[in-house]
Enquirer: 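Below is a structure I'd like to ask you about.
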Amino acid sequence: MSASSETTVTSVSSLGNDMAVDHEKEERRYGCLGGNRYIVLVIALFFLSFMLSSYVFFGFRLYFVFFQVLFSRIICYNASYVSMVNLHSSPYWDDFIKSNKSIDEINWNDPDLPLSQRRFAFDTAQKSLGFAAGFLGAIAAVVPMSRLTARFGCHKVMTLSGIFGTVLVFISPVVVSWSFPVFLVLRVLQGITLANLFTTAGVVVNEWAAVNEKGLFISVLSAHVEMGAVFTMPVSGALATSAGWPWVFYLHGAILGALTILWAVYYRDRAVKHPFVQRKEWRKISFGKRLNQVGKGANDTPIRKIVSSIVIWGVWIAVIGNFLVSQFSISYAPIYLRGVIGCTPTEAGLLTLIPMACLVSFFKLVIKFSTGFFSDRIKSISDLTKMKMFNSCALLGSSIFFIILACSSPGRNKVLDVILLSIPMALLGFSSGGYSKCAVMVSGQYSPFVMSIVQIIACSSLMAGSFLVPALTPTDSFSEWQRVFMVYGAVLAITNTIFIVFARAEPAKWAQQKGDLTLAEAVMGCEQKPVESVTDPESGLPRGI
């Protein structure tokens with residue numbers, strides 16, 4: 001063994017001691033049939049989803065297990081918003097109709113009313129600020145949260161974010177009734193708890209995904225948007241109608257708290273430290289990964305080289321198109337259903353469930369999972385061709401259908417309108433095999449940093465949509481929504497073209513590592529091997545990385 005290899009092995013002696021456990025002790029571990037990484041994946045998915053939907057449920061009228069919880073807080077704001085601004089259901093509505101007063105002259109948020117009967121006559125600026133404040137907080141906190149994650153780990157940082165987010169959700173009904181400016185501050189704080197979602201996704205993929213399972217992990221974790229919406233939109237609509245809008249917040253707070261506990265108890269920053277991960281599963285997870293990809297061997301992130309990479313910029317530009325349009329499914333689908341198609345608030349929630357659960361959520365989830373699986377398994381097509389194909393299906397396909405929507409005449413058949421509305425949103429599921437996988441393949445061990453920038457761009461796009469769409473649709477007429485759909489179509493086509501031109505499927509020079517032992521080789525004390533001659537731990541056959 002060379003001197004450099006001996007030094008490397010010595011540097012990971014503590015890691016080797018962790019794995020050099022007694023055979024009998026190893027057998028007593030609960031190995032979960034070698035599938036702990038999938039349990040972690042599911043927990044992460046649900047945790048992030050509810051973190052987002054617990055923020056968005058405020059705008060039912062406006063319409064992304066740890067990931068599920070985070071995104072669920074966003075969507076529940078959107079989902080309760082319709083009931084909060086539905087002045088027709090206020091006890092004061094009949095008196096208002098009989099009087100000659102304007103809407104602004106009625107105290108719809110009368111302190112003498114029970115909290116569930118209070119209503120809010122938000123103006124256009126308040127509506128936009130209510131949705132944009134959280135994204136602003138998320139954008140501002142991405143870099144600090146990333147640094148905290150690098151220092152303390154995702155486990156601690158996201159556990160604290162979940163706890164803090166749970167408290168904020170529970171107090172939201174009281175705060176919004178008390179003071180709208182204070183509520184905006186609360187929304188910014190909620191956004192801060194969301195600032196680490198994409199970074200966490202990158203960390204989970206790097207630490208827990210086997211080399212030949214990264215496409216699957218990326219696809220599943222990117223599905224937190226749909227998972228949060230599937231639960232939040234229909235449940236929040238029914239709950240706001242039957243029990244009152246405050247209970248939408250309380251329900252999401254309770255679920256977020258439960259999933260935060262699950263994340264805190266089960267997740268570990270390093271797979272080798274997990275009590276249920278046996279040696280066989282850990283060797284599968286660590287197979288082919290270089291020492292400085294995981295744990296203490298991490299090198300300083302080459303930020304300058306990353307931000308000057310035209311390939312990474314192609315990824316980031318594709319993110320703009322994807323998330324600018326995703327704002328429609330997150331926030332504005334119920335508005336379109338109610339204002340253009342003519343649904344009642346309850347129907348808007350139920351019809352949003354149809355595309356989200358039956359079409360968008362079902363097909364988009366199937367598309368994402370299938371894309372991740374086949375992008376890993378199909379060998380007859382090059383990785384670059386697969387990424388361009390999947391990305392074009394997502395962005396260019398959605399672009400075409402949004403243009404079709406702009407040229408159609410809605411209102412004749414609600415079911416057909418919902419189906420046509422669902423297709424472009426469902427097609428975005430193919431993006432998990434496009435720019436998302438490209439980001440991981442090109443950036444390698446530095447994907448958490450790249451994903452943190454994706455977080456900033458995504459939140460910026462969502463925040464831009466919070467102002468763009470209301471500005472283009474002041475009266476919710478179809479002619480106004482035609483302009484929105486045409487903008488969506490143009491942005492998707494342009495961003496997809498840029499990605500296709502610059503996409504690559506191999507690690508960038510700054511992400512390539514030559515001469516390092518893999519984790520498994522270092523821990524097991526093996527001689528350094530060329531990448532091409534590495535042997536799969538299960539099949540025993542040579543396999544490239």
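What you see is a predicted model; the values in this text were computed from it and never measured. By convention here, the first residue in the shown sequence is residue 1.
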Enquirer: Might you point out which heavy atoms bring S460 and I139 nearest each other, and give the distance in Å?
Expert: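 Closest pair (atom of S460, atom of I139, distance): OG-CD1, 3.2 Å.
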Enquirer: Side chains of P246 and R118, heavy atoms from C-beta outward: is any pair under 4.5 Å?
Expert: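 Not in contact.
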Enquirer: Heavy atoms, side chains only, cut-off 4.5 Å: are V204 and Y267 in contact?
Expert: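 Yes, their side chains come closer than 4.5 Å.
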Enquirer: How long is the straight-line distance from NE2 of H252 back to OG1 of T166, given to the nearest 0.5 Å?
Expert: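 Interatomic distance, T166 OG1 to H252 NE2, rounded to 0.5 Å: 12.0 Å.
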Enquirer: Could you tell me if the side chain of F449 sits less than 4.5 Å from the side chain of S146, heavy atoms only?
Expert: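 With C-beta onward as the side chain, the pair stays apart.
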Enquirer: Could you walk me through whether V315 and V442 satisfy the side chain to side chain contact (heavy atoms under 4.5 Å, CB included) test, starting with their C-alpha distance in whole Å, then the side-chain angles of each, then the deciding distance to 0.1 Å, before giving a yes or no?
Expert: CA-CA 10 Å; V315 170; V442 172; over 6 Å; no
Enquirer: Is it true that a side-chain atom of D269 and a backbone atom of H155 form a donor plus acceptor pair closer than 3.5 Å?
Expert: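 A pair under 3.5 Å: yes.
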Enquirer: Run the salt-bridge test on R37 and E281 with the 4.0 Å N-O cut-off and return the result as yes or no.
Expert: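 E281 and R37: salt-bridged.
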Enquirer: Any chance you could lay out the side chain to side chain contact (heavy atoms under 4.5 Å, CB included) test for V277 and V272, step after step, and finish with the verdict?
Expert: CA-CA 7 Å; V277 175; V272 69; over 6 Å; no
Enquirer: Does L251 have any side chain to side chain contact (heavy atoms under 4.5 Å, CB included) partners at least two apart in sequence or in another chain, and if so, which?
Expert: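 If we apply the side chain to side chain contact (heavy atoms under 4.5 Å, CB included) test to L251, skipping adjacent residues, the hits are F231, V235, L239, I255.
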Enquirer: Does any non-hydrogen side-chain atom of P114 lie less than 4.5 Å from one of Q117?
Expert: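 The answer is yes, as the side chains (C-beta and beyond) meet within the 4.5 Å cut-off.
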Enquirer: Under 4.5 Å between any side-chain heavy atoms of V157 and R151, yes or no?
Expert: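 V157 does not reach R151 side chain to side chain.
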Enquirer: Counting C-beta onward and ignoring hydrogens, is there a side-chain heavy-atom pair between F164 and T159 closer than 4.5 Å?
Expert: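 No, their side chains stay 4.5 Å or more apart.
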Enquirer: Quick check against the 3.5 Å criterion: does W208 have a side-chain atom that pairs as donor or acceptor with the backbone of V40?
Expert: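 Answer holds: no.
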Enquirer: Between N391 (side chain only) and S431 (backbone N and O only), is there a donor and an acceptor less than 3.5 Å apart?
Expert: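 No; judged by distance alone, with no hydrogens or angles, the pair does not exist.
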Enquirer: Give a yes or no answer on whether the side chain of S447 reaches the backbone of S443 with a donor-acceptor pair at less than 3.5 Å.
Expert: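 Judged by distance alone, no pair lies under 3.5 Å.
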Enquirer: Quick check: closest heavy atoms across L115 and P173, and the distance to 0.1 Å?
Expert: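 Taking L115 first and P173 second, the nearest heavy atoms are CD2-CB, 3.7 Å.
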Enquirer: Between E207 and R268, is any pair of side-chain heavy atoms under 4.5 Å apart?
Expert: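 They are not in contact (no side-chain heavy atoms under 4.5 Å apart), so the answer is no.
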Enquirer: Hey, could you give me the CH2/SG distance between W263 and C154, rounded to the nearest 0.5 Å?
Expert: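 Spacing of CH2 (W263) from SG (C154) equals 6.0 Å.
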Enquirer: To the nearest 0.5 Å, what is the distance between CD1 (I39) and CG (L262)?
Expert: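 Reported value, rounded in 0.5 Å steps: 10.0 Å.
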Enquirer: I want to know whether F183 and F249 have ring centres closer than 6.0 Å.
Expert: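 F183 vs F249: aromatic centres not under 6.0 Å.
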Enquirer: So which heavy atom on F120 is nearest to which on S177, and how close?
Expert: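 Here F120 and S177 meet closest at CZ-OG, 3.7 Å.
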Enquirer: Considering residues at least two apart in sequence or located in another chain, which fulfil the side chain to side chain contact (heavy atoms under 4.5 Å, CB included) criterion with L160?
Expert: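 L160: no side chain to side chain contact (heavy atoms under 4.5 Å, CB included) contacts found.
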Enquirer: Taking all non-hydrogen atoms of both residues, which atom of W282 and which atom of A271 are closest, and how far apart?
Expert: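 Where W282 meets A271 most closely, the heavy atoms are CD1-C, 3.9 Å.
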Enquirer: W510 vs R304, test: side chain to side chain contact (heavy atoms under 4.5 Å, CB included). Steps then yes/no.
Expert: CA-CA 10 Å; W510 39 264; R304 181 175 297 180; over 6 Å; no
Enquirer: If we ignore hydrogens and angles and just use 3.5 Å, is the side chain of S172 paired with the main-chain N or O of L168 as donor and acceptor?
Expert: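 Yes.
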Enquirer: What distance separates H274 NE2 from Y266 OH, expressed to the nearest 0.5 Å?
Expert: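 Answer rounded to 0.5 Å: 4.5 Å.
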Enquirer: Taking side chain as C-beta onward, heavy atoms only, is V307 less than 4.5 Å from W316?
Expert: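 Answer yes - side chains close enough.
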Enquirer: Can a donor-acceptor pair be found, under 3.5 Å and without considering hydrogens, that links the side chain of T193 to the backbone of Q190?
Expert: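 Here the side-chain-to-backbone pair exists.
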Enquirer: For the pair W247 (side chain) and S242 (backbone), establish whether a donor and an acceptor sit closer than 3.5 Å, ignoring hydrogens and angles.
Expert: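 Not at all, since once roles are kept as given, no pair shorter than 3.5 Å links the two residues.
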Enquirer: Can you see which heavy atom on V319 is nearest to which on Y435, and at what distance?
Expert: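 Heavy-atom minimum between the residues: CG2-CE1, 3.5 Å.
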Enquirer: List the atom of V169, the atom of G253, and the distance in Å for their closest heavy-atom pair.
Expert: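 Looks like CG1-N, 3.6 Å.
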Enquirer: Kindly compute the distance separating CD1 (I306) from OH (Y446), expressed to the nearest 0.5 Å.
Expert: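 Nearest 0.5 Å value for the CD1-OH distance: 7.5 Å.
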Enquirer: Which value, rounded to the nearest 0.5 Å, describes the distance between L259 atom CG and L45 atom CG?
Expert: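 Rounded to the nearest 0.5 Å, the CG-CG separation comes out at 10.0 Å.
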